[in-house]
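Have a look at the structure below before the remarks.
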Amino acid sequence: MKKILVTRKLLKSNEERILKLWNAKLNLNDEMYSNKKLIDLSIDCEGILSSITDAIDENVINKLSNKVKIISNFAVGFGNIDIDAARKRNIVVTNTPDVLTDATAEIAMLLILGASRRATEGIKKAREKNWKWSADFLIGKQLSGSRLGILGMGRIGRAVAKRARAFGMEIHYHNRKKLSPDLELKATYHQNVRSLFSVSDILSINCPATKQTKDIINKESLEYFPKDAIIVNSARGDMIEDDAMIKALKDKKIYALGLDVYKGEPQINAGYLNLPNVFLLPHLGSATKKTRTDMADLAIDNIKEYFDTGNCKNKVN
Ligand code: DGY
C-alpha cells in the first residue's frame, strides 16, 4: 500500500476515503506543520496532499525525499507551491479546478454586496443597537445599472458574471485572451487593465496570482478607476498593494473594498481593520460542506489517477 502525507485535517468522509486507499499520515489535530516537520513526515511517502497554508517553496521542494512523486494541492490556486522547482525534481503538482467555482463566485457576490451596501457599518450599528431608521441612513450603492469589471474571466470570473447579470449589472472584463462569444455572453472585452478599470464602477478580482498580476492594483492603477469605485478580491491577496489601497480608501477615491484574501494570510494589514468602508472575510471562498468535500475528493482523485496511470489531468506543472 502506498504511503501519503496529508498536511491538514480534512472533513471526516474525505479522511475515511483516504484511509481506504492508502497508508496515510493524517493530521488529526490540524497542527500547522513547520517546513521541517513536513519534510520529515513525508520522508517515506510517495504523495503529499497539501493545503494553501503550506509554503512549499524551492527550499522545501529540494529537501523532499526522492520518494515523493506528487503534491496534490487541496485548492484551485497553487501559488503556495514552487511548481518549477517541483518539475525540476520530477514531482507532479495538481490542483482542484471547477469544484469550487460556484462557492467562490457566491463569496465574490457577498463581497460586492457587503462593500456596496455598507455592511460593515450596518452590522456594527445593529449589534450595538445604535441606530434609527431615516431616509438617508447608511445609504449605499445600488448594483443594478452599474458596470462590473471582472479581472480574470476564467471559470470563477464567468460564474461571477452570470450572477452579476441577474443583479442587472453590465459586464466588462479583461483576460489574457478575448473569450469566444459563447463564453463571453455579451460581456465587453478590454484589451488592457487601464481600459477595464476606467469603466469599473465595481471591480471583481478573479485572476490567478502570477508575476504579472502581483500588485496590479497599485498607486498608479488606482487612478484609472472612476471616482467612488468599489473593488473586491476573492482570488489572492498578492494582487493589491495594500498601502496604496488604504490611502485611496481614506482619501475616498475608492468608495469601498471587499476582501476575502490577504497578502501574508492569516495576517491582515492593520490599516484595513478600522476603516468602515472595508468589508472583510477570512478566506471563506470555498468554505461550504459540499465544496470542501468535493475539493478533497478531487485532490484524492488526482493522487489516485497519478498512482494508477503515471499521469493526471489536473497537473499544473
Ligand atoms: C483555492 O482553492 O484556491 C481557495 O482559495 C481555497 O480556499
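By convention here, the first residue in the shown sequence is residue 1. In listed order, ligands and their atoms are each counted from 1.
Judged by the 6.0 Å and 45° rule, K69 forms no cation-pi pair with Y306.
Scanning both residues, K263 and E241, for their nearest heavy atoms gives NZ-CA, 3.9 Å.
Each of I150 and I231 belongs to its own hydrophobic cluster when Ile, Leu, Val, Met, Phe, Trp and Tyr are linked at side-chain heavy-atom distances under 4.5 angstrom.
For ligand 1, the atoms lying closer than 4.0 Å to a non-hydrogen atom of G77 are 1 (C), 2 (O), 3 (O). Against a heavy-atom cut-off of under 4.0 Å, A75 is close to the following atoms of ligand 1: 1 (C), 2 (O), 3 (O).
What sits closest to atom 7 (O) of ligand 1 on the protein, heavy atoms only, is S286 OG, 2.8 Å. With hydrogens left out, the protein atom closest to atom 3 (O) of ligand 1 is R236 NH2, 2.6 Å, a heavy atom. In this structure, the protein non-hydrogen atom closest to atom 4 (C) of ligand 1 is H283 NE2, 3.7 Å.
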### Task
Walk me through it: do E128 and K124 pass the test salt bridge (charged side-chain N to carboxylate O under 4.0 Å, His left out)?
CA-CA 6 Å; E128 290 172 356; K124 185 166 186 290; 3.3 Å; yes
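Ligand 1 has no N or O atom lying under 3.5 Å from any N or O atom of F74, backbone or side chain. Of the polar atoms of V76, at least one N or O is found under 3.5 Å from an N or O of ligand 1, judged by distance alone.
With D102 as the partner, the salt bridge (charged side-chain N to carboxylate O under 4.0 Å, His left out) test is satisfied by one option alone out of R155, K162, R163: R163.
Side chain of K25 to backbone of L41: a donor-acceptor contact under 3.5 angstrom is found.
Using a 4.0 Å cut-off between heavy atoms, L100 contacts ligand 1 through its side chain alone, with no backbone atom that close.
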